[in-house]
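Down below is the structure, laid out as structure tokens.
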Amino acid sequence: MNDVIEPVSATLAERAKLALGKRNLVFIGLMGAGKSAIGRLTAQALGIPFVDSDHEIERVSRMTISDLFARYGEDEFRALETRVLKRLLRTGPRVVSTGGGAYINERSRRQIKRGGLTIWLNAELDVLWERVNKRDTRPLLKTENPKQTLENLMRARYPIYAEADLTVMSRDVNKETMVEDVLTAVIDFRKVPNDE
Ligand SMILES: Nc1ncnc2c1ncn2[C@@H]1O[C@H](COP(=O)(O)OP(=O)(O)O)[C@@H](O)[C@H]1O
Ligand SMILES: O=C(O)C1=C[C@@H](OP(=O)(O)O)[C@@H](O)[C@H](O)C1
Ligand SMILES: [Mg+2]
């Protein structure tokens with residue numbers, strides 16, 4: 001039984017907005033997957049507010065993510081990330097893009113699961129690498145072999161990201177196509193085929 005009656009001519013974005021209701025849509029996934037970029041465009045399409053947890057962390061701390069890691073270390077960064085996420089997820093609907101490690105941290109993961117519908121932007125190593133190697137803003141990749149580091153993070157993190165409610169493959173298509181895939185995934189969430 002479908003208890004939401006959709007207008008026949010509703011656009012993809014309107015239908016996704018209806019399906020989302022008051023929930024937040026939370027982007028998770030590895031560095032370079034497009035959480036920040038696609039999250040922002042998805043919020044625009046849905047006509048709801050967008051927040052990026054890294055951006056919010058930088059705003060409240062008045063420091064860059066790199067400086068936070070360098071001065072206080074990853075553990076302090078994670079503690080701040082948990083606090084910021086808790087606040088950002090309090091009201092909905094919003095699109096919330098998280099940093100790649102947020103969902104891996106147990107306390108933040110609990111907040112995120114409680115705080116909305118989760119969407120994992122899954123991606124292959126080469127796609128991520130092409131995107132992240134252009135910038136040096138990611139402290140975890142300041143290693144001797146950053147591509148290997150990224151691969152190690154994939155191995156460790158993908159089984160955890162896979163707990164997300166929705167998964168969309170991030171690939172080299174234009175960003176509008178990515179947004180369409182995201183909106184379709186939201187609409188299709190828990191849709192039961194007619195013959196089941
Ligand atoms: N589908 C896409 N096609 C091409 N470039 C993309 C795509 N998605 C994201 N990007 C680019 O890849 C880079 C990393 O994306 P970003 O949103 O910062 O990822 P994340 O927040 O997951 O680390 C940005 O320069 C962004 O514009
Ligand atoms: O994967 C991670 O642990 C991190 C990802 C970054 O965010 P993006 O995934 O948006 O790059 C940022 O939060 C920080 O550098 C740590
Ligand atoms: Mg980001």
Side-chain angles (χ1 to χ4, degrees), residues 25-45 50-61 63-86 88 94-109 111-112 118-143 146-162 164 166-185:
L25 182 62
V26 189
F27 281 78
I28 65 169
L30 210 54
M31 294 172 268
K35 303 177 295 298
S36 299
I38 306 303
R40 176 180 296 280
L41 292 174
T42 301
Q44 267 171 27
F50 169 73
V51 280
D52 185 287
S53 65
D54 280 339
H55 184 259
E56 194 58 18
I57 288 167
E58 291 186 330
R59 194 182 68 80
V60 296
S61 67
M63 290 174 78
T64 64
I65 302 290
S66 286
D67 288 344
L68 272 169
F69 266 72
R71 268 178 76 173
Y72 298 107
E74 183 171 354
D75 287 354
E76 282 298 316
F77 172 79
R78 295 298 170 205
L80 181 54
E81 187 173 52
T82 303
R83 285 205 299 281
V84 164
L85 278 168
K86 185 174 182 182
L88 295 181
R94 278 177 172 173
V95 174
V96 180
S97 291
T98 64
Y103 198 72
I104 307 306
N105 177 277
E106 219 178 299
R107 293 183 62 208
S108 290
R109 183 162 68 250
Q111 305 282 0
I112 293 169
T118 47
I119 183 156
W120 173 29
L121 292 186
N122 185 358
E124 285 172 8
L125 178 62
D126 286 336
V127 171
L128 297 172
W129 176 243
E130 278 309 309
R131 293 179 188 164
V132 297
N133 79 11
K134 297 194 179 97
R135 305 189 67 185
D136 65 352
T137 52
R138 294 176 171 96
L140 291 182
L141 297 180
K142 285 176 185 155
T143 61
K147 190 173 180 186
Q148 184 62 56
T149 305
L150 199 57
E151 191 172 357
N152 296 344
L153 285 170
M154 279 180 83
R155 275 217 196 94
R157 291 178 171 186
Y158 274 23
I160 302 171
Y161 292 144
L166 312 167
T167 299
V168 163
M169 205 66 202
S170 180
R171 58 212 191 279
D172 281 331
V173 292
N174 64 44
K175 291 177 187 166
E176 289 66 32
T177 304
M178 286 299 308
V179 173
E180 281 174 18
D181 285 2
V182 167
L183 298 176
T184 304

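Just so you know, these numbers use all the heavy atoms, side chains as well, and skip hydrogens, waters and symmetry mates. Note that ligands are numbered from 1 as they come in the structure, with each ligand's atoms numbered from 1 the same way.
- Proximity of V132 to ligand 1, defined as any heavy-atom pair under 4.0 Å, is not found for any part of the residue.
- When each of T98, V51, D54, I57 is tested with V84 by the rule side-chain contact (heavy atoms from CB on, under 4.5 Å), just one qualifies, namely I57.
- Backbone or side-chain N, O or S atoms of M31 do not reach the Mg ion (ligand 3) at under 2.8 Å.
- For ligand 2, the polar-atom distance check against R138 finds a nitrogen or oxygen pair separated by under 3.5 Å.
- Contact atoms of ligand 2 toward I65: 14 (C), 15 (O) (distance under 4.0 Å to a heavy atom of the residue).
- When the options M31, R131, E130 are ranked by their closest heavy atom to atom 6 (C) of ligand 1, first place goes to R131.
- Ring-plane geometry between Y158 and W120 is classed as perpendicular, the angle between the planes exceeding 60 degrees on a 0 to 90 degree scale with a lower cut at 30.
- At least one heavy atom of A33 sits less than 4.0 Å from an atom of ligand 1.
- Only side-chain heavy atoms of L140 come within less than 4.0 Å of ligand 2; its backbone N, CA, C and O stay farther off.
- Interface atoms of ligand 1 facing L30, defined by a heavy-atom separation under 4.0 Å, are 22 (O).
- Under 4.0 Å from ligand 2, the heavy atoms of R157 that appear belong solely to its side chain.
- Between R138 and ligand 1, at least one pair of N/O atoms sits closer than 3.5 Å.
- Protein heavy atoms come within 4.0 Å of atom 17 (O) of ligand 1.
- Not a single heavy atom of R40 sits closer than 4.0 Å to an atom of ligand 1.
- Residue contact check for ligand 1: D52 places no non-hydrogen atom closer than 4.0 Å to it.
- Within a 4.0 Å radius of atom 24 (C) of ligand 1, the protein has no heavy atom.
- Note on ligand 1: G32 sits in its first shell, one or more heavy atoms being nearer than 4.0 Å.
- Ligand 1 lies out of reach of K134, whose nearest heavy atom is not under 4.0 Å from it.
- When hydrogens are left out, the protein atom nearest atom 6 (C) of ligand 2 is D54 OD2, 3.6 Å; that is the closest non-hydrogen contact.
- For ligand 2 and F77, the ligand atoms under 4.0 Å from any heavy atom of the residue are 13 (O).
- In the vicinity of K35, heavy-atom distances shorter than 4.0 Å reach the ligand 2 atoms 8 (P), 9 (O), 10 (O).
- Under 4.0 angstrom from ligand 2, there are no non-hydrogen atoms of R135.
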